[in-house]
Amino acid sequence: MRAPGMRSRPAGPALLLLLLFLEAAESVRRAQPRRRYTPDWPSLDSRPLPAWFDEAKFGVFIHWGVFSVPAWGSEWFWWHWQGEGRPQYQRFMRDNYPPGFSYADFGPQFTARFFHPEEWADLFQAAAAPLPGSGGKQEVGLGGQLGLAVLFFCLRNIRYGLYHSLLEWFHPLYLLDKKNGFKTQHFVSAKTMPELYDLVNSYKPDLIWSDGEWECPDTYWNSTNFLSWLYNDSPVKDEVVVNDRWGQNCSCHHGGYYNCEDKFKPQSLPDHKWEMCTSIDKFSWGYRRDMAMSDVTEESEIISELVQTVSLGGNYLLNIGPTKDGLIVPIFQERLLAVGKWLSINGEAIYASKPWRVQWEKNTTSVWYTSKGSAVYAIFLHWPENGVLNLESPITTSTTKITMLGIQGDLKWSTDPDKGLLISLPQLPPSAVPAEFAWTIKLTGVK
Ligand SMILES: *[C@@H]1O[C@H](CO)[C@@H](O)[C@H](O)[C@H]1NC(C)=O
Ligand SMILES: *[C@@H]1O[C@H](CO)[C@@H](O)[C@H](O)[C@H]1NC(C)=O
Ligand SMILES: *[C@@H]1O[C@H](CO)[C@@H](O)[C@H](O)[C@H]1NC(C)=O
């Protein structure tokens, strides 16, 4: 377990992790005006964020790697075991593996034996329900890089990104540079940079989720040089999006959108695009066999976090860890499908929405607003016992019209000089209520 906000992603070789952004159906590829960026933060930070990212709102994050073989504790397994020498990790190894067993010895067991990329693709499509269907299926079952290529192919209308850790805990060249106080860049020139250029040229990702930056300044990582190439000359220059982990003190200050820390939740509307990344397993990003039911985030909490994040202008990136065989366990499937089911009713209030002038009703934290065009959406997390939803912020006009997503017909409403808008919610049998948690009121003709 880790204190909130602490870096919790892995850093080691052979970690090709990916994340996927589910794109709003109405989003179209829009070219940015051509201009050249110079390798410095003022220039790089001035690049407009490609529009698709803000419209996407929801993404699936995947941590899958050699740590999925021991599948115990967390994806930081190697570091906890051999970097820090935590006793419980050493005990786990003593109890389950022969003496002298190394982290690299887990490698051959990372077989992805049952990895069917088209099944993953179908699941991710279903998690973003309003997207058009995923089309025909091909029966393919390929591991390794070809499998990933097939996965990307299957994703079609889904944007995909790649996770990349700048540092490597135990790489000899990294350790050499570290010994030299990071005055030398052997690791960066021999490993990090060639790998990053290769990832971009080979996989043409829509997003690069950088991490593992925290021990060195961006000048050591050569980040601004890489980013200026990425934005000026790379095959993905018009559409690619990056996060903010490019060197010490960059996070929350420089780069593309801001992750700030893991599981970041701002207290008010930020003035820069941001993303909350979080994991269905509260204590690990990679799959672990010792996950308990109480470690699994509730569906209601996932929906509530999605809603709050989008109201505050953020994107929500929800993580799962597949097994070493390439399977996504049913509890993770269920959570992703629950998001898809909720979005199939309420997606109109989420995809391509913008923050409204008010983000939430101030005397309750259970009503959150978004907007799109002339519509304002009030998403409420608790159904009021008296069946009347009280909203203080919207100002009604002669053209005000109020509906609930997933329900036919207008809702009755009135205004009260003290309380504001009073909306009579429909009285429905449980089977007719459009969602289990969080319902959306659509208001038009309000200010
Ligand atoms: C940093 O990037 C520049 C521009 O691409 C390159 O000339 C230089 O060799 C790079 N330095 C390292 C250490 O990779
Ligand atoms: C990052 O910030 C810390 C604390 O303000 C400072 O000590 C450190 O020198 C900074 N690092 C860089 C690379 O600017
Ligand atoms: C806000 O507080 C007032 C006074 O306590 C109360 O009458 C009103 O119903 C509250 N509004 C909401 C939306 O809960």
Side-chain angles (χ1 to χ4, degrees), residues 2-9 11-16 32 34-47 161-205 207-264 266-267 270-272 274-275 277:
R2 207 168 291 112
M6 199 173 149
R7 305 281 192 227
S8 53
R9 245 167 303 284
L15 300 177
L16 187 65
Q32 299 296 324
R34 267 298 80 221
R35 54 172 280 200
R36 304 284 302 175
Y37 296 93
T38 48
D40 55 81
W41 290 121
S43 174
L44 297 169
D45 290 346
S46 73
R47 177 178 181 255
L162 295 171
Y163 172 99
H164 179 267
S165 174
L166 292 166
L167 73 75
E168 276 190 29
W169 294 316
F170 303 108
H171 195 291
L173 292 178
Y174 186 65
L175 296 178
L176 175 64
D177 287 345
K178 197 176 200 166
K179 212 177 75 194
N180 295 335
F182 297 116
K183 298 283 184 281
T184 55
Q185 289 171 288
H186 301 296
F187 177 65
V188 176
S189 50
K191 161 73 175 41
T192 320
M193 281 300 128
E195 184 176 79
L196 267 174
Y197 283 84
D198 182 53
L199 279 178
V200 172
N201 287 321
S202 303
Y203 293 103
K204 304 185 177 57
L207 190 151
I208 298 174
W209 211 100
S210 182
D211 199 13
E213 83 293 4
W214 55 84
E215 291 189 342
C216 319
D218 60 77
T219 46
Y220 171 77
W221 294 120
N222 217 11
S223 299
T224 56
N225 276 304
F226 168 71
L227 290 172
S228 63
W229 170 79
L230 186 72
Y231 292 173
N232 289 329
D233 301 310
S234 80
V236 289
K237 59 185 189 298
D238 293 324
E239 292 287 302
V240 74
V241 168
V242 303
N243 66 347
D244 55 352
R245 295 184 180 177
W246 296 101
Q248 262 172 8
N249 304 350
C250 281
S251 183
C252 242
H253 298 291
H254 298 298
Y257 70 86
Y258 295 167
N259 274 116
C260 303
E261 67 225 39
D262 291 354
K263 308 190 183 182
F264 177 62
Q267 297 306 306
D271 60 6
H272 191 93
W274 64 282
E275 171 191 76
C277 62

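As the structure lists them, so they are numbered: ligands from 1, and atoms in each ligand from 1. Since we're looking at a predicted model, the values are computed, not measured.
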- request: Evaluate the side-chain proximity of W221 to L167: yes if any heavy-atom separation is below 4.5 Å, no if none is.
  value: yes

query: Under 30°, 30 to 60°, or over 60°: which ring-plane class applies to F264 and W274, parallel, tilted or perpendicular?
result: perpendicular

Side chains of [X] and [Y], donor plus acceptor under 3.5 Å:
X: S165; Y: D211; answer: no
X: E275; Y: Y257; answer: yes
X: N232; Y: S228; answer: no

- request: Using the side-chain contact (heavy atoms from CB on, under 4.5 Å) rule, take S46 and Y37 through it: C-alpha gap first, then chi angles, then the decisive distance, then the call.
  value: CA-CA 9 Å; S46 73; Y37 296 93; 4.0 Å; yes

Close-contact set for ligand 1 against [X] heavy atoms, below 4.0 Å:
X: N222; value: 1 (C), 2 (O), 3 (C), 8 (C), 10 (C), 11 (N), 12 (C), 14 (O)
X: Q185; value: 13 (C)
X: N225; value: 1 (C), 2 (O), 3 (C), 4 (C)

Put together the list of close N/O pairs, under 3.5 Å, between ligand 2 and the protein, could you?
unit_1	atom_1	unit_2	atom_2	d
ligand 2	2 (O)	N249	OD1	3.1
ligand 2	2 (O)	N249	ND2	2.4
ligand 2	11 (N)	Q248	OE1	3.4
ligand 2	11 (N)	N249	ND2	3.0
ligand 2	14 (O)	N249	ND2	3.2

message: Considering only residues two or more places apart or on different chains, which pairs with a residue in residues 223-233 satisfy salt bridge (charged side-chain N to carboxylate O under 4.0 Å, His left out)?
response: R36-D233

